[in-house]
Amino acid sequence: QVRLVESGGGMVQPGGSLRLSCVVSGRALNNSVLAWFRQAPGKDREFVAAISHYGVSTLYADPVKNRFTISTNSAENTAYLQMNGLNPDDTANYSCAAKSGKPLNSGSHFYYYWGQGTQVTVSS
């Protein structure tokens, strides 16, 4: 069994920053890929970013490129999402997801382990 627990969400003003964390515990995933997705009220789940197990490869959705940075600490089985330049369109529940094996995928159906999510609200 694999468990993912997110933290770091909150409320921030436009232009602000937040850092999300995702701690992975349980059975080790070979060549795992960790990803962040988000879902705003009334909208479909949206891919944000993904990273390979040792951080060699990353993939970003266009709306977050050059603002968000995904990273990983393999020794601590933790993935991070540094979010800068936040705007109200970034308001959503952010979830961490994991799968075994490459490649990095943006489709949520490729990921079979999910956390409960952490809420990010950007508002003045």
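Here the structure is a predicted model, which means the values were calculated and not measured. Start at 1 with the first residue, then count along the sequence.
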| query | Would the number of heavy atoms belonging to other residues, nucleotides or ligands and lying under 6.0 Å from CZ of Arg45 be above 12? | reply |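 Atom CZ in Arg45 is packed in, count exceeds 12.
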| request: Might you confirm whether atom CD of Gln116 has over 12 heavy atoms from other residues, nucleotides or ligands at distances under 6.0 Å? | output: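 Counting other residues, nucleotides and ligands, CD of Gln116 stays at 12 neighbours or fewer.
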| field | Nearest-0.5 Å distance that lies between atom OG in Ser95 and atom CD in Glu46 | value |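 Result: 12.5 Å between the selected atoms.
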| said: If I take atom CG from residue Leu34 and atom CG from residue Leu81, how far apart are they, to the nearest 0.5 angstrom? | reply: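 It comes to 11.5 Å.
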With a cut-off of 3.5 Å and sequence neighbours excluded, list every side-chain donor-acceptor pair involving residues 57-65.
unit_1: Tyr60; atom_1: OH; unit_2: Ile70; atom_2: N; d: 2.8
unit_1: Asp62; atom_1: OD1; unit_2: Lys65; atom_2: NZ; d: 3.1

Establish whether [X] and [Y] are linked, either directly or via other cluster members, by ILVMFWY side-chain heavy-atom contacts under 4.5 Å.
{"X": "Val23", "Y": "Leu18", "result": "no"}
{"X": "Tyr80", "Y": "Leu4", "result": "no"}
{"X": "Val5", "Y": "Val24", "result": "no"}

[X] side chain to [Y] main-chain N or O, any donor-acceptor pair under 3.5 Å?
{"X": "Thr72", "Y": "Thr78", "result": "yes"}
{"X": "Glu6", "Y": "Gly117", "result": "yes"}
{"X": "Asn87", "Y": "Asp89", "result": "yes"}
{"X": "Thr91", "Y": "Val122", "result": "yes"}
{"X": "Tyr112", "Y": "Ser100", "result": "yes"}

Closest non-hydrogen atom pair, [X] against [Y]:
{"X": "Val33", "Y": "Ala50", "answer": "CG1-CB, 4.2 Å"}
{"X": "Trp114", "Y": "Ser108", "answer": "CZ2-O, 3.5 Å"}
{"X": "Ala35", "Y": "Phe47", "answer": "CB-CE1, 4.4 Å"}

| Which of parallel (below 30°), tilted (30 to 60°) and perpendicular (above 60°) describes Tyr111 and Phe37? |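 Rings of Tyr111 and Phe37: perpendicular, over 60°.
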| message | side-chain contact (heavy atoms from CB on, under 4.5 Å), that's the test. Do Met83 and Leu20 meet it? Break it down for me. | response | CA-CA 8 Å; Met83 305 185 295; Leu20 305 183; 3.7 Å; yes
| Do the side chains of Ser17 and Val12 get nearer than 4.5 Å, heavy atoms only? |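 No. Closest side-chain heavy atoms not under 4.5 Å.
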| task | With Arg38 as reference, evaluate Val120, Asp90, Asn93 under the side chain to side chain contact (heavy atoms under 4.5 Å, CB included) test and give the passing residue. | result |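 The side chain to side chain contact (heavy atoms under 4.5 Å, CB included) with Arg38 is passed solely by Asp90 among Val120, Asp90, Asn93.
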| request: Decide side-chain contact (heavy atoms from CB on, under 4.5 Å) for Thr118 and Ser7; before the verdict, give the C-alpha distance in whole Å, the side-chain angles of both, and the deciding distance to 0.1 Å. | output: CA-CA 6 Å; Thr118 184; Ser7 63; 5.7 Å; no
